[in-house]
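Quick caveat: nothing in here was measured; it's all calculated off a predicted structure. Values below: every heavy atom of this structure, side chains too, minus hydrogens, waters and symmetry copies. Chain letters run A, B, ... following the sequence lines, proteins first, then strands; residues in each count from 1.
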Amino acid sequence: MDFIRQMVSRDLKTGKYGGRVVTRFPPEPNGFLHIGHAKSICLNFGIAGEHPGGRCHLRLDDTNPDTEKSEFVEAMKEDIRWLGFDWGEHLYHASDYFEALYRYAMVLLDKGLAYVDSSTEAEIRERRGSVNTPGTDSPFRDRPVEENRDLFRRMRAGEFAGGAHVLRARIDMAHPNMVMRDPLLYRIRHSTHYRQGDEWPIYPMYDFAHCLSDSLERVTHSLCTLEFENNREIYDWLLEHVGAPPPRPEQTEFAPLVLDYVVTSKRRLKQLVHAGHVRGWDDPRMPTLAGLRRRGVTPEAIRALCDMVGVARAQSRVDSGKFDYAVRNDLNHRAPRAFCVLDPLRVVLTNYPEEREETFTAPSLPGDPQRHPLRELPFGREILIERGDFAENPPPGFRRLVPGGEARLKYAYVIRCEEVVRDAGGRVSELRCSVDHATRGGVAPADRRVRGAVHWVAAARAVPVEVRLIDRLFREPEPPPDDFMSAFNPKSERIVPRALAEPGVAGTKPGTHYQFERLGYFFSDPADCGDGRLVFNRTVTLRDSWAARSGADSQRRPVAAPEAKAEAARGGRRQSPEESMRSDEERRRFRELVALGASEAAAAGLVRSPPLLEVFGRARREYPEGTASIAAWLVNEFTRLLGSDPEARLERLNASALAALARDVDEGDLSHRQARTVAATLLRRGGSLEEAKAGLDLSEIGDESTLRGLLDEILAEYPEKAAAYRGGQAGLLGFFVGEVMKRSRGKADPRKTSRLAAALLKG
RNA sequence: UGGCCCGUCGUCUAAUGGCAGGACACCGGUCUUUGGAACCGGCGGUGGUGGUUCGAAUCCACCCGGGCCAACCA
């Protein structure tokens, strides 16, 4: 289970949201949804669907009138439904909240937490500072509340030109997080909104609209991608200061789906469309859901891909092979088979009667004969095979037709190439072959093995079709961000205007999947088929271990140069904690601590944390000989507790208790395990060491016979593990100790257990 | 000269202080009228150095590497 689902389960268990699970998918309708959105859709709708009463809202985040269109809204709805998800009655628009948002802005204004800034855009940018330098306050930052209210009201009334004023939160222009440097909340825009028309001359910014929309919809888990990490702070700030009712929605970020050889930024997708590099948002080469759909990729495949990829916080790129696998894996069991020859080579069967025609049958879906009828393949004296299935000078390992050699025409006959005919230019124009009549139906006699099987069509009965060989849009796994078009693949679409398919393909309806045997999966184009015209898009090739080995079709599978892992890991010169001290003051304190007896690691930890250092100083005074252990406990255990236990507070830690704890451990009165339990209590409830100890069950099982009983039981239960341990799998000792700890509910003395287990296993 | 986040097989991802596991890719084999599919097997990993601990991928420190942030975009 991924970390987000774990969090949702936890929240459900603790009742944080009263048992509700509400997620949302909030696209801005300024383009088409793409494969990257699919991950978010699967996550948000998936989680909602996994819990009774869970909901996922579809919210159009339409706060920028200049770029948004209802055409995009409709396309998005269609794509989400196609992917297999349903928002039920929960369709929302951020633009429906404009009135409420406006009132929230007034709340901030009243609290003096927002102001109207009349600086120019350039001035605002200038005064924001940079990541390394603090910003400076706007001269309008201290406008009186009444003036702010008046100005903002007039902004809303449309009295000002675009750019004349903005509304900003009043936070801190020197904040280390740039997002918090008085972020803009509203700007003036005299544009016509696709839903609100000219109702509003002011529009809320993302940071303002998003958290409040979530809150208004009573969303519980607001999931977004990693690039919004910095925005979480303003998300929480705004909800708090506007007085949004708790329990408030919380934002959690996950890594976006990044696929090799694919670009998914809206800017770039838009550019591809507008510059005419593709024929539209739904061009089958596009990574948009509409494009993938048109190419023949199924929603099942996309969902399977998202499942395989998982959800985590580590930035990642997905190998394109994973996408291919998901597509093939789904299509393999649903796409009927057919023959289609892309690059025909005429074959005349010299010993086959001129006027004869017979019909062979073949499975349309191997492995599932009852659910799928056999197809019929007419056969005659003249047939067409793939030019690439014949080689005059075959590379080693070539299994298809060669001069004087045999190959199987799948489901028909084994033939032998007797003669190669050339045209005036010397190019092979025809093969004259003989049929082995004993192999009717393509069945070779038992004594003879014919390895090569090729697909074919009867020349007289072949159906012309247009085939579009779709390839990746970019030649590089990661197109350069500054110039992504340099990686554009000019051969991303190769059109075969007149391929020849078996007769059964005639009359295929638009939107039909096929596997053209030995070539790949194809999909009849939903838009371009019609009027007797058949157009097929190649969804994905078949896996082709021959091409991979021979390097023949390198267009489809370029040798992915395995990127040499950055092995510079060790490289550093600055390895000691002392050298990492950032100031003389830090260095001085560090050296002092080390001189006092603290280890370097502990000293470094203390220097960096003034509150820790402060407690340390007080505890040390009470137990000077214990300096090293006090420092170690503080840095190693207390820091961990503080980070993992939400109820732990350093302020509650009593310095004398800490000193006493260290002393007890040093003198052997408290085992490390016991001390850890006590430490947790000290951070939660404070008080003296004795008080903490009194409230805890610190009993320990050190009795050898009891431990032995437990161990015997476990050894009997896992004889194969014991054998593996004796066989050299030393790591298994931890398993046995762990089992004892589990069964004794943490009470066993681990040190004794470990010794005992080692002895027992040896004997 | 900042803040935040992230480093586990080639790739994606589990392991929540106790057996480093799965998937894709790759390699080999069986089978096969698709050099496909299916089935079986194999290769292969905790960025580094210290520390805490009976026990560390997991906690602590430092280092190395990567990402995000300076639109009146989202």
Side-chain angles (χ1 to χ4, degrees), chain A residues 2 6 28 30 61 63-64 67 121 124-125 128-133 135 162-163 166 175-179 181 184 186-189 205-206 210 226-230 233 253 255 266 308-310 312-319 321-322 325 328 332 337 362 366-367 399 408 410-411 442-444 450 452-453 455 515 517-518 542-547 549 560 562-563 565-577 579-580 599-602 604-605 608 632 635-637 639-640 643-644 672 721 724 729 731-739 741-742 749-755:
Chain A
D2 61 73
Q6 285 178 28
E28 184 195 10
N30 67 348
D61 201 4
T63 56
N64 184 351
T67 56
E121 198 173 334
I124 289 174
R125 194 175 14 250
R128 188 144 32 217
S130 77
V131 289
N132 298 320
T133 59
V166 291
H175 202 288
N177 180 357
M178 300 279 307
V179 173
R181 317 245 262 229
L184 272 62
Y186 270 92
R187 76 285 211 189
I188 298 171
R189 236 354 112 75
M205 303 290 291
Y206 166 84
H210 201 86
L226 251 24
E227 68 266 28
F228 291 98
E229 262 167 346
N230 297 325
E233 201 169 356
E253 312 86 21
K266 272 216 196 121
M308 273 191 283
V309 159
R313 274 183 78 85
Q315 28 155 189
S316 56
R317 315 186 54 84
V318 174
D319 188 311
K322 205 160 259 172
Y325 171 83
R328 290 180 189 129
N332 179 46
R337 314 290 133 117
R399 288 205 210 142
R408 186 199 318 273
K410 242 188 134 183
Y411 306 121
V443 190
V450 180
H455 62 278
Q515 185 203 98
E517 292 198 47
R518 305 210 305 132
L542 250 31
R543 215 171 138 253
D544 189 348
S545 53
W546 168 247
R549 186 177 319 178
E563 213 127 333
K565 198 168 187 174
E567 45 104 277
R570 73 199 77 247
R573 321 128 316 223
R574 302 196 317 163
Q575 293 261 324
S576 86
E579 286 165 48
S580 78
S599 73
E600 291 204 340
R608 289 288 153 78
V635 169
N636 286 315
E637 299 295 344
T639 308
R640 176 182 63 84
S644 62
H672 191 273
K721 299 251 190 221
Q729 250 196 71
L732 248 26
L733 184 62
F735 164 75
F736 290 111
V737 176
E739 275 305 303
M741 297 305 289
K742 233 177 277 173
D749 177 335
R751 212 180 296 231
K752 281 184 187 158
T753 305
S754 178
R755 256 199 314 267

B/U49 versus B/G65 - spacing of their P atoms, nearest Å: 16 Å
Taking B/C72, B/A23, B/A61 as options, the one with an atom nearest any side-chain atom of A/A601 is B/A61
For the side chain of A/M178, starting at C-beta, report the closest nucleotide among B/A74, B/C19, B/G2. B/G2
Between A/S580 (side chain) and A/P577 (backbone), is there a donor-acceptor pair under 3.5 Å? yes
Using a 3.5 Å limit for the pairing distances, which stems of at least 3 consecutive Watson-Crick or G-U wobble pairs does RNA chain B take part in? B:2-7 with B:64-69, B:10-13 with B:21-24, B:26-30 with B:38-42, B:47-51 with B:59-63
Heavy atoms under 4.0 Å, any strand shown: does A/M205 hit a base, just sugar-phosphate, or nothing? sugar-phosphate
Once you apply a heavy-atom cut-off of 4.0 Å, does A/E28 come out as touching a base, just sugar-phosphate, or nothing? sugar-phosphate
Has A/T753 got a side-chain atom pairing as donor or acceptor with A/D749's backbone, closer than 3.5 angstrom? yes
Measuring only between side-chain heavy atoms, which start at C-beta, is A/R189 closer than 4.5 Å to A/N64? yes
Ranking B/C72, B/C62, B/C60 by distance to the side chain of A/P577, first place goes to B/C62
For B/A38, does the O4'-C1'-N9-C4 (purine) or O4'-C1'-N1-C2 (pyrimidine) torsion place it in syn, i.e. within 90° of 0, or in anti? anti
Round to the nearest Å and state the distance from A/D319 atom CG to B/A25 atom C1'. 6 Å
Taking the same atom, C1', in B/A57 and in B/A14, what whole-Å distance lies between them? 11 Å
Between A/R518 (side chain) and A/L542 (backbone), is there a donor-acceptor pair under 3.5 Å? no
Set of residues satisfying ring pair (Phe, Tyr, Trp, His ring centres under 6.0 Å) with respect to A/Y325, sequence neighbours excluded: none
Heavy-atom check, side chain of A/E229 versus side chain of A/V179, under 4.5 Å: no
Report yes or no: is there a donor-acceptor pair, N or O only, under 3.5 Å between the side chain of A/N177 and the base of B/C4? no
Given atom CD of A/E253 and atom P of B/C5, what is their separation to the nearest angstrom? 10 Å
Side chain proximity check, A/V166 to A/M205, heavy atoms < 4.5 angstrom: no
In terms of side-chain heavy atoms of A/V309, which of B/C12, B/C72, B/C63 is nearest? B/C12
Separation of A/N636 atom CG from B/C59 atom C1', in whole Å? 7 Å
Between C1' on B/U32 and CZ on A/R408, what's the gap in Å once rounded to a whole number? 10 Å
Counting any heavy atom closer than 4.0 Å, what does A/R755 reach on the DNA or RNA strands: base, sugar-phosphate only, or nothing? nothing
Below 4.0 Å: OP1/OP2 of B/A74 and any side-chain N or O of A/T63: yes
How far does the P atom of B/U13 sit from the matching atom of B/A70, given to the nearest Å? 25 Å
For A/E517 and A/Y411, run side chain to side chain contact (heavy atoms under 4.5 Å, CB included): C-alpha distance rounded to whole Å, both residues' side-chain angles, the deciding distance at 0.1 Å, then the answer. CA-CA 12 Å; A/E517 292 198 47; A/Y411 306 121; 3.8 Å; yes
With the side chain of A/S580 defined as its heavy atoms from C-beta on, choose the nearest nucleotide among B/C63, B/U34, B/A14. B/C63
Which part of the nucleic acid, if any, lies within contact of A/V443, taking any heavy atom under 4.0 Å across all strands shown: a base, the sugar-phosphate backbone alone, or nothing? base
Output one letter per nucleotide in nucleotides 35-41 of chain B: B when a protein non-hydrogen atom lies under 4.0 Å from the base, S when only the sugar-phosphate is that close, - when neither is. BBS----
The side chain of A/S316 is closest to which nucleotide in this list: B/C73, B/G2, B/C12? B/C12
Under 4.0 angstrom, heavy atoms only, what part of the nucleic acid is A/E517 near: base, sugar-phosphate, or nothing? base
Keeping A/N230 on the side-chain end and A/N177 on the backbone end, is there a donor-acceptor pair under 3.5 Å? no
Can you work out whether A/G442 or A/T133 has the more 5'-proximal nearest nucleotide on RNA chain B? A/T133
At 4.0 Å (heavy atoms only), tell me whether A/A632 reaches a base, stays on the sugar-phosphate, or touches nothing. nothing
Kindly point out which of B/U11, B/C72, B/A74 is positioned nearest to the side chain of A/K322? B/U11
How would you label the contact of A/G321 with the nucleic acid (heavy atoms, under 4.0 Å): base, sugar-phosphate, or nothing? sugar-phosphate
Check: A/T133 side chain, A/G129 main-chain N or O, donor-acceptor pair, under 3.5 Å: no
Report yes if the side chains of A/E637 and A/H672 come closer than 4.5 Å at any heavy-atom pair, otherwise no. yes
Quick check against the 3.5 Å criterion: does A/R181 have a side-chain atom that pairs as donor or acceptor with the backbone of A/H175? yes
Starting at atom CD of A/E229, determine the distance to atom C1' of B/A74, rounded to an integer number of angstrom. 16 Å
Just compare B/C63, B/C68, B/U1 and give me whichever is closest to any side-chain atom of A/N230. B/C68
When rounded to whole Å, the NE2 to C1' distance for the pair A/H672 and B/G51 reads 12 Å
Please classify the nucleic acid contact of A/Y186 as base, sugar-phosphate, or nothing, using heavy-atom distances under 4.0 Å. nothing
Nearest to the side chain of A/E637, which nucleotide is it out of B/C69, B/C62, B/U52? B/U52
What nucleic acid atoms does A/V635 come within less than 4.0 Å of, heavy atoms only: base, sugar-phosphate, or nothing? sugar-phosphate
Exercise: identify the closest heavy-atom pair between A/R408 and A/A444: NH1-N, 3.8 Å
Whole-Å distance separating the CG atom of A/D749 from the C1' atom of B/C54: 8 Å
Contact nearer the 5' end of RNA chain B, comparing A/R640 with A/R317: A/R317
From CG of A/L733 across to C1' of B/A56 the rounded distance in Å is 15 Å
Are A/R313 and B/C12 close enough that a side-chain N or O sits under 4.0 Å from OP1 or OP2? no
Closest to side chain of A/P176, choosing from B/C72, B/G2, B/C6: B/G2
